[in-house]
Amino acid sequence: MPLKFLLVGLGGAVGAMLRYAISCIPYKGTFPLLTLLTNVTGAFLIGVIAGLAAQKCLSESVQLFLKTGVCGGYTTFSTFSLEAFQLFQGGRHAEGVLYLLLSVAGSLLGVYLGLQLGRGGFRAEV
């Protein structure tokens with residue numbers, strides 16, 4: 001069990017460093033292109049890993065390192081994308097749409113509430 005945590009942790013460190021490397025690309029535009037690049041490449045990477053895993057080309061340890069660790073540290077959007085795709089691929093279209101809507105709306109609400117809390121916007125008047 002400790003080895004699994006170590007694999008995920010090391011992979012997460014690699015993913016986080018890759019994400020930071022992309023953020024260092026000199027881009028001056030106002031569109032969040034580097035985040036988009038991170039999310040799309042992360043989704044592609046987790047797709048490749050899932051495909052190889054389905055063909056039994058990767059051990060459980062390598063999958064933990066790459067999928068949970070590297071992809072998780074790089075972007076959780078990759079996991080979200082894979083799970084949504086799997087719902088649609090499995091014919092669970094209503095659940096897929098619900099998952100997409102709840103994930104995006106819930107995340108936006110979470111950002112809003114977190115900003116309000118961080119800014120002290122929830123202070124009770126006495």
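Ring centers of Phe88 and Phe85: at least 6.0 Å apart, outside the cut-off.
Criterion: ILVMFWY side-chain heavy atoms under 4.5 Å apart, direct or through other members. Under it, Leu101 and Val104 are not part of a common hydrophobic cluster. Residues Val14 and Val8 fall into different hydrophobic clusters, defined by Ile, Leu, Val, Met, Phe, Trp and Tyr side chains chained together at heavy-atom separations under 4.5 Å. Leu3 and Phe5 fall into different hydrophobic clusters, where Ile, Leu, Val, Met, Phe, Trp and Tyr are joined by side-chain heavy atoms under 4.5 Å apart, directly or via other members.
For the pair Leu82 and Gln86, the minimum side-chain heavy-atom distance is below 4.5 Å. With contacts defined as side-chain heavy-atom distances shorter than 4.5 Å, the pair Val48/Leu52 qualifies. Contact check for Leu58 versus Lys67: no side-chain heavy atoms found under the 4.5 Å cut-off.
Residues that satisfy the side chain to side chain donor-acceptor pair (under 3.5 Å) test with Glu60, not counting sequence neighbours, are Lys4.
Between Leu34 atom CG and Tyr27 atom OH the span is 7.5 Å, to the nearest 0.5 Å. Rounding to the nearest 0.5 angstrom, the gap separating the CG atom in Leu64 from the CG atom in Leu7 is 6.5 Å. In this structure, the separation between CG on Asn39 and CZ on Arg19 is 6.5 Å, given to the nearest 0.5 Å. Atom CG of Leu102 sits about 11.0 Å away from atom CG of Leu109, to the nearest 0.5 Å. Atom CG of residue Leu45 and atom OG1 of residue Thr75 lie 10.5 Å apart, to the nearest 0.5 angstrom. In this structure, OH on Tyr74 lies 12.5 Å from CD1 on Ile46, to the nearest 0.5 angstrom.
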Could you give me the CA-CA distance, side-chain angles and deciding distance for Leu18 and Ile22, then say whether side-chain contact (heavy atoms from CB on, under 4.5 Å) is met? CA-CA 6 Å; Leu18 288 171; Ile22 287 182; over 6 Å; no
Give the C-alpha distance, both sets of side-chain angles, the deciding distance and a yes or no for side-chain contact (heavy atoms from CB on, under 4.5 Å) between Phe80 and Leu100. CA-CA 9 Å; Phe80 161 73; Leu100 290 173; 3.4 Å; yes
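Heavy-atom minimum distance, Gly42 versus Ser78: O-CB, 3.1 Å. Of all the heavy atoms in Phe31 and Leu36, the pair that sits closest is CE2-CD2, 3.8 Å.
For Tyr20, the OH atom is loosely surrounded, since the number of other residues' heavy atoms within 6.0 Å does not exceed 12.
Under the 3.5 Å distance criterion, the side-chain polar atoms of Thr41 are matched with a main-chain donor or acceptor of Thr38.
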